[in-house]
There are 2 protein chains.
Amino acid sequence: MTSAATVSTSAEERRSELLRAAYLVMARDGVHRTPLARVAEEAGVSKGLLLYHFQSKDALVLKTLEWVLDTTASRIRQALAESSERSAAISVVVDAVWVGPDQNRDFFRFYLDGLEHQTRSPQFEELGDLARTIINGLYREVIESSTTLSGADSEAATTTMRAIIEGFFLQWLQTHNWKTNHQRYRDRCLLAVSSMLALSAGRISDR
Amino acid sequence: MTSAATVSTSAEERRSELLRAAYLVMARDGVHRTPLARVAEEAGVSKGLLLYHFQSKDALVLKTLEWVLDTTASRIRQALAESSERSAAISVVVDAVWVGPDQNRDFFRFYLDGLEHQTRSPQFEELGDLARTIINGLYREVIESSTTLSGADSEAATTTMRAIIEGFFLQWLQTHNWKTNHQRYRDRCLLAVSSMLALSAGRISDR
DNA sequence: CAGCCCTGACTGACCGGTCAGTCTAGGCTC
DNA sequence: GAGCCTAGACTGACCGGTCAGTCAGGGCTG
């Protein structure tokens, strides 16, 4: 059992290394601008190995997308767990989402590359559902734990919250000084999300 | 002069035809998935001609982006002009923006392709500014003409409005049944934008 | 008006390079 | 030594960009 576990773990670990390398270079340079050879180089490995562990470039891209989605959600959940106050949960999430210029820029561009693939290649069909499950699930938890919203109301609030956050990311990305603008857009984003949730909760409690 | 004008007009017209064809196929299939030959085929023209009128594929892509941004803004302004009521301006814009599933899907995917290019290729540096000028300019006009907001307040509201709209588009794009979901997301988007503007105006008038 | 020339839009063949995916041979581990 | 890994040479397809040359039209000259 130990040996089997070691072998499979080692294979898993190797795969993770490859995914990490793939994410690193593909997020920065763009999926369509990144040859497998470049990923292999980054991982210090041959191109053949990538095709050995993943069957095709598309498969590698898909796995990388899933990997980074999982990883990121875990990181944010972690940040959430470390802050005990329920009331400030929204601000904690928004802060955790807006980690930093470079990290956000890479992630979001890669996320958009994923969307490009999802809408044009059958292989990536389920990606939208996966992203929705992970992202909306996370946001909804936060909303239900820190407001009075529930049911269809929290579902609607979740969608709007996601729209606001991703919309701000979109605009921030189009900015020349994305490094210095990061804080400004994060603040505006937090304000918009907070206002929207306060309004939603108010509306509900008014009836 | 007549002949000179005719000549230049004809060249312009031809260029427009090429841009229209380029948009048609590139928006649907994705810039990186579209060879010049495919655009040429769509335009009923040789590949060489594309490189004759535009110097490179990148240049063609950039011009197409600018063309569709201009065209779309004009269309929306038109819709706005045809509705006389000032009070409903927001709902008119949102409706005009959410024209229809196919049109929105093509435009937005192409818009995202533009963003991908902007953040990765120096040639597309100015694209962010151009989009900002056109889109935010349009939204801001509407906000200032239909609310009491002005100055920094309308600027902030504009950014948030754009974030909400584009954020909803992003989520809608990730949906399997984007055709049938179009109306639902449009409605939610309108609600979110209206609420946000009412809240902003209220906040201002409260001080 | 007839012949001429020039211009510039346009074509299609072609080239050089790139890249995903294949294959073979070798090595490491159990 | 059997089976999993890994390397890296190789291939075939594809694609952006070049270039020589065609063709139509529109002046200009005599």
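Proteins come first, then strands; the chains are lettered A, B, ... in the order of their sequence lines, and each starts at number 1.
- Straight-line distance from the CZ atom of B:Arg14 to the P atom of C:dG8: 17 Å, rounded to whole Å.
- A:Arg38 places its CZ atom 13 Å from the P atom of C:dA20, with the value rounded to the nearest Å.
- Rounded to whole angstrom, the span from the NZ atom of A:Lys57 across to the P atom of C:dT18 amounts to 15 Å.
- Looking at residues 15-30 of chain A, you'll see that no heavy atom sits under 4.0 Å from any atom of DNA chain D.
- A:Asp58 places its CG atom 7 Å from the P atom of C:dG21, with the value rounded to the nearest Å.
- The residues B:Arg20 and B:Glu17 are annotated as not salt-bridged, no charged nitrogen and carboxylate oxygen being separated by less than 4.0 angstrom.
- For B:Ser195, the side chain to side chain donor-acceptor pair (under 3.5 Å) partners two or more places apart in sequence, or in a different chain, are A:Arg203.
- As a whole-Å value, the separation of B:His32 NE2 from C:dA20 P is 13 Å.
- Proximity of the aromatic rings of B:Trp98 and B:Phe169 is defined here by a centroid distance below 6.0 angstrom, and this criterion is met.
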Per-nucleotide protein contact string for nucleotides 8-14 of chain D (B base, S sugar-phosphate only, - none; heavy atom under 4.0 Å): B------
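- Residue A:Tyr52 places at least one side-chain N or O closer than 4.0 Å to OP1 or OP2 of D:dC5.
- When rounded to the nearest whole Å, the span between CG of B:Leu50 and C1' of D:dG16 equals 12 Å.
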Could you go through residues 182-192 of chain B and list every donor-acceptor pair under 3.5 Å that involves a side-chain atom there, pairing it with any protein atom two or more places apart or in another chain?
unit_1   : atom_1 : unit_2   : atom_2 : d
B:His182 : NE2    : B:Asn104 : OD1    : 2.7
B:Arg188 : NH1    : A:Thr159 : OG1    : 3.0
B:Arg188 : NH2    : A:Glu155 : OE1    : 2.8

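- Atom CG of B:Leu36 is separated from atom C1' of D:dT18 by 13 Å (rounded to the nearest Å).
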Compile the donor-acceptor pairs under 3.5 Å between side chains in residues 108-115 of chain B and protein atoms, sequence neighbours left out, one pair per line.
unit_1   : atom_1 : unit_2   : atom_2 : d
B:Arg109 : NH1    : A:Thr119 : O      : 2.9
B:Arg109 : NH1    : A:Thr119 : OG1    : 3.3
B:Arg109 : NH2    : B:Arg28  : O      : 3.3
B:Tyr111 : OH     : A:Gln174 : NE2    : 2.7
B:Tyr111 : OH     : B:Arg162 : NH1    : 2.9
B:Tyr111 : OH     : B:Glu166 : OE1    : 3.3
B:Tyr111 : OH     : B:Glu166 : OE2    : 3.0
B:Asp113 : OD2    : A:Arg120 : NH2    : 3.3
B:Asp113 : OD2    : B:Val31  : N      : 2.8

Donor-acceptor contacts under 3.5 Å from residues 41-49 of chain B side chains, at least two apart:
unit_1  : atom_1 : unit_2  : atom_2 : d
B:Ser46 : OG     : B:Gly48 : N      : 3.4
B:Ser46 : OG     : B:Leu49 : N      : 3.3

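- Applying the side chain to side chain donor-acceptor pair (under 3.5 Å) criterion to A:Glu66, with sequence neighbours excluded, gives no partner residue.
- Under the side chain to side chain donor-acceptor pair (under 3.5 Å) criterion, B:Gln123 pairs with B:Asp58, not counting sequence neighbours.
- Between the CG atom of A:Leu51 and the C1' atom of D:dT6 there is a distance of 13 Å, given to the nearest Å.
- OP1 or OP2 of C:dC10 lies within a sub-4.0 Å distance of a side-chain N or O belonging to B:His53.
- Take A:Arg75 and apply the salt bridge (charged side-chain N to carboxylate O under 4.0 Å, His left out) test, not counting sequence neighbours, and it matches no residue.
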